[in-house]
Every structure is written in structure tokens, then in C-alpha cells.
Amino acid sequence: MNRFVLRSVKQCLVNGQRYYGSGGGGGGMVYGSALVGRSVHLSGQRNGVMFGGFEWRRMMSSAPASMEKAPSEKKEQEKEEMKGKDVVASSYWGISRPTITREDGTVWPWNCFMPWETYKADVSIDLKKHHVPKNFLDKLAYKTVKFLRIPVDLFFQRRYGCHAMMLETVAAVPGMVGGMLLHLKSLRKFQQSGGWIKALLEEAENERMHLMTIVELVKPKWYERLLVLAVQGVFFNGFFVHYLSSPKLAHRFVGYLEEEAVFSYTEYLESIESGETENVPAPAIAIDYWRLPKDARLKDVITVIRADEAHHRDINHFASDIQFQGKELREAPAPIGYH
């Protein structure tokens, strides 16, 4: 048995010398010896077949052992650097976000939006702007929105923060539904969308950022969270069918919904100005998203959110007008970036 093991070791050394002999000198034999020691340690076997088999696999490798060891050492170093940071990394796929900094050189703290997606809100809006219902569909959309506001006002009363939270969970749905259905239509008919897919998805994302901001200010209670689940489940499916049957009615409905949002945020601002609601410091996420001053307050946040809602009002009434004229949305350029 001992002779068999010695013969296997000798054969491995000879193979190692032949493979690395062209590297010059005795380096090949020394490296072959290193492989033998490594093979015995890793295989945990004294059987010559297992030993020889492992050595053959090592000889087929395109990288020397010292090179193959480097990535593992690098991983250990990266793990050490990541200690204390809330980071989930997968070195196998090689996916990582590049380091992004603000203009002042500080690290960008948000993953949900990037610096180039931020903007300064245009607050020069017409608060009294209103689409007067002109036909049956307009009146149906207007009356529906007014009817839905009654239970909401009764439930939230003067709790403006909670009211805004519920409003944003609903307002973020239409843009996503409309963008999704236009996306599918574009695929089916091999047509461009005129930019309307992007415009509607931008609206949905903007409304979601409103919610992320409001949640920083108002911590919803368990029954309010339950209410959100119920309302979203009903509203999403209802609006989905609504948009499939009549997109122009769906956009008109959202236009009137945004008119009510402008009115609600105006009431919110009045409560802040009167002292009924404390004008607390603005959340960090709002300061970065709307490029607000570092000392911005709640009043500044509600002002820019109200401006966004007014722009969404205009977009949806505009989309409905296009379709009431017998045209498709893609025939008119979409107001991309119009928050």
C-alpha cells in the first residue's frame, strides 16, 4: 500500500514538472509539490486515485493556485469593509451600485431615487383651475369623485396627515394602470405610445414619493393600514376595468380626483398657517427629492406636493380632451417630466 501511495506521488510530481517545466528552472517542481500538499489537505484522502484525480483537475485549471486564492482574499477584505453597513451584496453576479455623491461631495443616501431624478417643483399653479363638466361622461366622473369624498371626509375629518396618506395610496394607482395598459397596447399593435407610457409611469412614481414623504410625517395605525389594503384592492381592479372600457372617462375621473387633492392640500396648508398643525422640519427624503433648502419645513413640503397634484390634474384632463376629440393619446406628444 505504501509503495502504491509513493508511486502516485511520484507520478503527480512528474506531471507537474512537465506542465510547468517551460516556466523555467525548478519552479515547476516546487509548484507541483505545493499542489500535492494542497491536494492531500483538500481531498482528505490518502487514496491514490482520489489524489491523482484532484491533481488532474488542478492541472487543467487556467490559473495558478496563487491567483485562484486572490479572489477569496479579496472577498474577505470586502466583508471587512462592509461590516457595520446595511448592505446586501452578491459577488457571484457582480452587481453593485456605483458610488454616487451629491454636489457637495457627500454620499447619496437613497436607493429609491437618484440625483438626476430630483427636481425643483413649479409652484406657480392655478388653484382655481377646474374642468367644467360638458357631457354625460364628464358629469359621471365628477359626481363619482364628489360622492367618494363624503366617506373619506367623515372618516379622517381634520386629520390632514392621515387623509393625505390615504389619498396618495389611491392617487398612485391610475398612472400605473394606465401606463401598464398602454404598454401592452403598444406591444400588441406594434405602435409607439407618443411618450404617454413614460408620462403616466412618472406620475405613478411621483405619487408614490408623495406617500413615502407623508409616511415619514404620519405613522399610520393598524386599522388605517388595513383600510389601505381594502381600498387599494377594490380601486385597482375597478380602475383597471374602467380604463379598459373607456380611457377618456378614466382620465377625466383622475383629473377630478386631482382637483380634490389640490383642495385637500390647500386645507392642509391653511391648518399649518393657522397653527392647528405644527410646522415641523421637512423629512430628509423630501429635501433631497424636491431640492428643498436644508431648513425646509412641513409647509414647504405640502406646497410642492400640492403643485405636483395640480400638474397631474392638468395632464389627465389634457389626456381626456385628446380622446374626446376622437384621437389616440399617441397622436399628441406626452408631457414627460411635467410634475
Side-chain angles (χ1 to χ4, degrees), residues 113 117-132 141-142 144-146 148-149 152-153 156 158-179 196 199-218 228 231-232 235 239 250-273 277 282-283 285-286 289-292 296-321 334-339:
F113 64 98
E117 296 170 340
T118 65
Y119 63 97
K120 279 188 171 293
D122 178 11
V123 296
S124 58
I125 56 175
D126 184 356
L127 296 178
K128 297 181 179 179
K129 200 170 184 178
H130 168 64
H131 181 276
V132 179
Y142 182 70
T144 303
V145 170
K146 285 297 185 181
L148 292 175
R149 175 154 189 146
V152 174
D153 287 344
F156 291 106
R158 300 187 68 81
R159 292 181 297 145
Y160 297 109
C162 296
H163 187 179
M165 180 266 302
M166 174 58 69
L167 178 66
E168 297 302 344
T169 61
V170 171
V173 171
M176 181 59 67
V177 172
W196 279 97
L200 293 177
L201 293 181
E202 277 185 352
E203 177 186 319
E205 174 64 9
N206 185 244
E207 295 284 9
R208 190 186 67 85
M209 288 304 298
H210 292 177
L211 178 63
M212 295 300 102
T213 301
I214 297 296
V215 168
E216 292 291 321
L217 299 165
V218 180
V228 167
V231 170
Q232 188 180 86
F235 184 72
F239 190 80
H251 282 291
R252 187 69 78 204
F253 171 83
V254 178
Y256 286 129
L257 187 67
E258 297 294 357
E259 287 185 14
E260 293 301 317
V262 172
F263 178 75
S264 296
Y265 280 114
T266 300
E267 286 187 329
Y268 199 170
L269 280 171
E270 289 173 354
S271 73
I272 295 173
E273 292 169 352
T277 301
I285 191 171
Y289 184 68
W290 283 284
R291 302 177 189 171
L292 297 173
R297 313 292 291 188
L298 175 59
K299 181 180 178 180
D300 303 308
V301 175
I302 300 304
T303 300
V304 295
I305 291 179
R306 183 179 65 174
D308 287 347
E309 302 293 4
H311 295 145
H312 298 160
R313 171 199 65 191
D314 299 343
I315 288 175
N316 281 278
H317 280 313
F318 172 56
S320 186
D321 287 345
I336 297 174
Y338 183 68
H339 294 290

Q: May I ask you to test the Val170-Gln232 pair for a side-chain heavy-atom distance under 4.5 Å?
A: no

Q. Out of curiosity, Ser320 OG to Phe253 CZ, how far, rounded to the nearest 0.5 Å?
A. 12.5 Å

Q: Examine distances only and state if a side-chain atom of Tyr256 and a backbone atom of His131 form a donor-acceptor pair shorter than 3.5 Å.
A: yes

Q.
Just checking His130 against Tyr142, ring centres under 6.0 Å apart?
A. yes

Q. Where do Pro283 and Leu217 come nearest, in terms of heavy atoms and distance?
A. CG-CD2, 3.7 Å

Q.
Measuring from atom CZ of Arg306 to atom OH of Tyr265, what distance do you get when rounded to the nearest 0.5 angstrom?
A. 11.5 Å

**Q.** Side-chain heavy atoms of Thr169 within contact of Met166, under 4.5 Å
**A.** yes

Q) Can you check whether Tyr289 and Tyr119 have ring centres sitting under 6.0 Å from each other? A) yes

Q) Atom CG of Leu257 and atom CZ of Arg149: how far apart are they, to the nearest 0.5 Å? A) 10.0 Å

Q) Should we say atom CD of Glu267 is surrounded by more than 12 heavy atoms from elsewhere, each under 6.0 Å from it? A) yes

Q: Kindly indicate whether the side chain of Ile214, heavy atoms from C-beta on, has any atom under 4.5 Å from the side chain of Leu167.
A: no

**Q.** From CG (Leu127) to CG (Leu269), nearest 0.5 Å
**A.** 9.0 Å

Q) With a 4.5 Å heavy-atom cut-off, do Asn316 and Glu203 have their side chains touching? A) yes

Q) Checking Lys299 side chain against Glu273 main chain: does a donor-acceptor pair fall under 3.5 Å? A) no

Q. Are any side-chain N or O atoms of Asn206 and backbone N or O atoms of Glu202, one a donor and one an acceptor, separated by less than 3.5 Å?
A. no

Q. Side chains of Phe239 and Val254: does their closest heavy-atom pair fall under 4.5 Å?
A. yes

Q. If you look at every heavy atom in Gly178 and Leu200, which pair is closest and at what distance?
A. C-CD1, 3.7 Å

Q: Flag the pair Asp153 / His163 as yes when at least one side-chain heavy-atom distance between them is below 4.5 Å, and no otherwise.
A: yes

Q) Hey, is the main chain of Pro174 close enough, under 3.5 Å, to the side chain of Glu207 for a donor-acceptor pair? A) no

Q) Among Lys129, Arg252, His312, Glu258, which one satisfies side chain to side chain donor-acceptor pair (under 3.5 Å) with His317? A) Arg252

Q: State, to 0.1 Å, how close Ala199 and Ala334 come at their nearest heavy-atom pair, and which atoms those are.
A: CB-CB, 3.9 Å

(Q) Using the rule side chain to side chain donor-acceptor pair (under 3.5 Å), only one of Asp300, Asp308, Thr303 pairs with Trp290; which is it? (A) Asp308

Q: Kindly indicate, with the supporting measurements, whether the criterion side chain to side chain contact (heavy atoms under 4.5 Å, CB included) is fulfilled by Glu309 and Ile125.
A: CA-CA 10 Å; Glu309 302 293 4; Ile125 56 175; over 6 Å; no

Q: With the side chain counted from C-beta on, respond yes when Ile285 and Met209 share a heavy-atom pair under 4.5 Å apart, and no when they do not.
A: yes

Q) Can you name the nearest heavy-atom pair linking Pro335 to Ile315, along with the distance? A) CG-CG1, 3.8 Å

Q: Can you see which heavy atom on Met165 is nearest to which on Leu211, and at what distance?
A: O-CD1, 3.6 Å

Q. If you look at every heavy atom in Ala286 and Val301, which pair is closest and at what distance?
A. CB-CG2, 3.9 Å

Q: Show the numbers, then the answer: is there a side chain to side chain contact (heavy atoms under 4.5 Å, CB included) between Glu168 and Ile305?
A: CA-CA 10 Å; Glu168 297 302 344; Ile305 291 179; 4.0 Å; yes

Q | Between CZ on residue Arg208 and OG1 on residue Thr213, distance to nearest 0.5 Å | A | 10.0 Å

Q: Give, for atom CD of Glu260 and atom NZ of Lys146, the distance between the pair rounded to the nearest 0.5 Å.
A: 3.5 Å

Q: Determine whether Leu298 and Thr277 make a side-chain contact, defined as any pair of heavy atoms from C-beta on separated by less than 4.5 Å.
A: yes

